Amino acid sequence: MTRRWLAEASLMAITGLWLTSCASPPTTQALAKEAAAAMGGLDRLRGVQTVAMKGGTGTRLRLGQMEHATDEEMPGVLTDVVETLDLVNNRAALDYEIKMGDFGQHRQEVLTRKNGRAVGLENVAGRPLAVVSPSGLFSWGTQNSPEFLIKRNAIGIILAAADTASSEMPQTRDFAGSPHAFGTTRLASGETIGLYFNTQTKLLDAYETTDTESMLGDQPSVYTLSDYRDVAGAKLPHKITIVKGGKPYSEVQFASAAVNDANSLAVFLIPEAANAEVDKAIAAGDYSPVTIAKVSDGVFFARAYSHNSLVVEFPSYLAVVEAAYTDAQSATLARVLATQFPNKPIRYAAVTHYHYDHTGGLRGLAAVGATIVAAKEHEPMLRPILETPHTNPADALELARRAGKAGTIEFFEGKKVISDGGQSLELYSVTGIPHVEPKVLAFVPKAGVLFQSDLFFPGTGAPAGPDAIALLRAVKTLNLKVTTNAGGHGGVGPFAELEKAVAAAQKAS
Ligand SMILES: [Zn+2]
């Protein structure tokens with residue numbers, strides 16, 4: 001072996017090393033570019049302005065509709081799912097049919113824009129169109145709100161990763177039982193998102209990040225994309241499975257998709273008749289329609305879009321029964337009450353039951369300092385709603401908590417009375433009502449006003465079902481002198497309406 005040969009050998013070794021590093025796995029950005037190529041190419045993806053995913057069927061969980069607070073949840077069944085995304089104007093819409101046991105609803109939640117300003121339209125079959133702020137959109141579809149379609153769609157994420165300079169060397173990580181190339185990127189929102197690239201197909205098989213859910217709070221979330229199919233030259237996933245906090249959240253299999261179809265944009269049109277309300281919602285910030293009507297001295301009905309509340313006036317404060325639907329509704333309610341009752345803060349917010357559509361505004365009322373009052377048995381559902389951090393982005397309660405201004409929660413067993421200056425609000429935790437176990441009934445004895453939700457819809461002519469029959473029995477057992485029945489759904493009616501409906505139901509059976 002000569003010296004010269006040795007030198008050449010070491011030179012070759014160095015060159016070899018260099019070559020090896022050059023051929024080592026590409027950066028996350030390079031993998032994103034490869035994924036984009038596998039999806040039809042960067043130019044094709046950049047040319048996608050709208051996507052309409054159609055004919056979806058699947059499931060949705062985490063709806064909080066159990067009979068007992070500790071029950072296992074039954075999935076809601078989704079059909080006719082259409083998800084429309086306008087990538088140019090950041091608009092998105094969820095449209096679906098959901099069924100949970102006997103309950104079924106055709107819902108449409110639309111995040112659209114007027115002169116560039118975001119606004120929400122909620123369209124539920126059988127109800128008038130509701131105009132709300134985007135924060136006031138409530139969804140039982142594949143996502144918490146249509147805003148998630150904008151933030152968490154495969155095209156947007158791949159383009160962001162392909163456009164973000166990265167020297168990060170992806171790791172090998174197992175996903176769904178096979179090794180994937182895993183790297184992270186940063187979205188325009190500043191969020192970090194982890195990407196799982198399929199080493200064979202080069203496609204994006206999954207991504208993970210933190211989603212802040214309105215009811216569940218911060219959840220480590222994993223989106224699995226599969227069944228990529230060609231749609232006008234772009235390859236798009238037709239099956240999307242979402243896991244939040246390690247538990248199944250939603251899954252949808254779409255039958256077809258359309259790209260840049262002008263017809264699909266019709267969902268974003270604001271009806272002429274809704275324009276004034278749209279302007280109002282945009283100007284208000286967090287907004288959902290709420291009007292206050294007097295029921296009796298010191299008792300008011302807060303009529304909302306679909307989930308109403310009762311307001312009881314005390315000498316120096318107010319108590320609200322039912323913090324329903326969304327925090328946008330609670331923010332609106334708090335504003336409306338502050339105007340009508342200056343210097344009377346909402347000191348208490350009573351919970352009738354934990355079902356998420358009736359507790360979606362709990363955090364919003366705790367954020368304005370209300371003490372949440374609830375049945376002990378509801379604690380396993382209510383504590384996580386109030387106590388899980390909401391940081392991406394921070395919600396009103398998170399901010400109030402940081403400022404030391406948040407309301408607390410207290411639990412009662414059996415009966416709780418809030419009483420001051422001759423006014424009182426009685427809360428009864430009642431067992432034996434089928435809807436939920438237990439159910440809290442609220443009663444204002446001075447006015448003879450009962451508030452109940454989901455059991456009987458006063459003022460609507462609705463028939464009495466098993467819940468209404470159980471409600472009447474409970475009122476009689478408790479010996480409450482009820483003259484007026486106010487509903488979480490429906491309106492306000494004389495108590496005799498319930499008695500008549502129950503008598504008719506019993507006669508028919
Ligand atoms: Zn309910």
Side-chain angles (χ1 to χ4, degrees), residues 60-77 98-105 107 122 124 126-127 138-140 144 214-216 288 301-310 320-327 329-330 349-365 372-386 427-442 450-460 462-475 485-491 498:
R60 164 74 197 264
L61 283 126
R62 320 300 291 279
L63 300 166
Q65 298 293 321
M66 303 88 84
E67 189 187 333
H68 299 87
T70 52
D71 284 351
E72 197 65 41
E73 204 173 343
M74 290 236 307
V77 175
I98 184 156
K99 278 203 162 49
M100 279 179 281
D102 297 338
F103 173 85
Q105 219 170 42
R107 298 180 62 91
E122 186 170 308
V124 176
R127 292 184 190 160
F138 174 103
S139 181
W140 279 334
N144 190 170
S214 54
M215 303 309 292
L216 308 172
S288 191
F301 188 61
R303 185 184 288 277
Y305 159 57
S306 68
H307 290 62
N308 314 311
S309 301
L310 193 75
V320 170
V321 182
E322 200 93 300
Y325 219 49
T326 63
D327 283 342
Q329 182 168 316
S330 282
V351 180
T352 68
H353 66 310
Y354 47 78
H355 289 171
Y356 284 172
D357 53 324
H358 291 268
T359 48
L362 264 190
R363 293 182 60 87
L365 289 190
I372 308 302
V373 183
K376 181 74 185 157
E377 294 85 343
H378 296 168
E379 185 172 0
M381 285 293 283
L382 298 181
R383 266 202 199 281
I385 295 172
L386 285 160
L427 303 171
Y428 295 94
S429 175
V430 173
T431 58
I433 293 177
H435 188 73
V436 68
E437 190 62 67
K439 182 79 167 78
V440 172
L441 304 179
L450 175 82
F451 180 90
Q452 53 75 31
S453 53
D454 284 347
L455 309 181
F456 182 69
F457 294 17
T460 64
D467 285 317
I469 293 167
L471 169 65
L472 183 60
R473 195 188 310 128
V475 167
N485 191 1
H489 298 290
L498 172 67

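Counting convention: from 1, in listed order, for ligands and their atoms alike. Just so it is clear, the model here is predicted, and its values are computed rather than measured.
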Is there a side-chain hydrogen bond (donor to acceptor under 3.5 Å, both in side chains) between S288 and T326? Walk through the geometry before answering. CA-CA 8 Å; S288 191; T326 63; 4.6 Å; no
Within-4.5 Å side-chain heavy-atom neighbours: F138 and V124: no
Provide the protein N, O or S atoms situated under 2.8 Å from the Zn ion (ligand 1); waters are not included. H353 NE2, H355 ND1, H435 NE2, D454 OD2
Of all residues at least two apart in sequence or in a different chain, which pass the salt bridge (Lys or Arg N to Asp or Glu O under 4.0 Å) check with R303? none
Do the non-hydrogen side-chain atoms of D454 and T352 ever get within less than 4.5 Å of each other? no
Is Y354 reaching over with its side chain to a backbone N or O of M66, donor-acceptor style, under 3.5 angstrom? yes
Geometric class of the H358/H489 ring pair [parallel <30°, tilted 30-60°, perpendicular >60°]: perpendicular
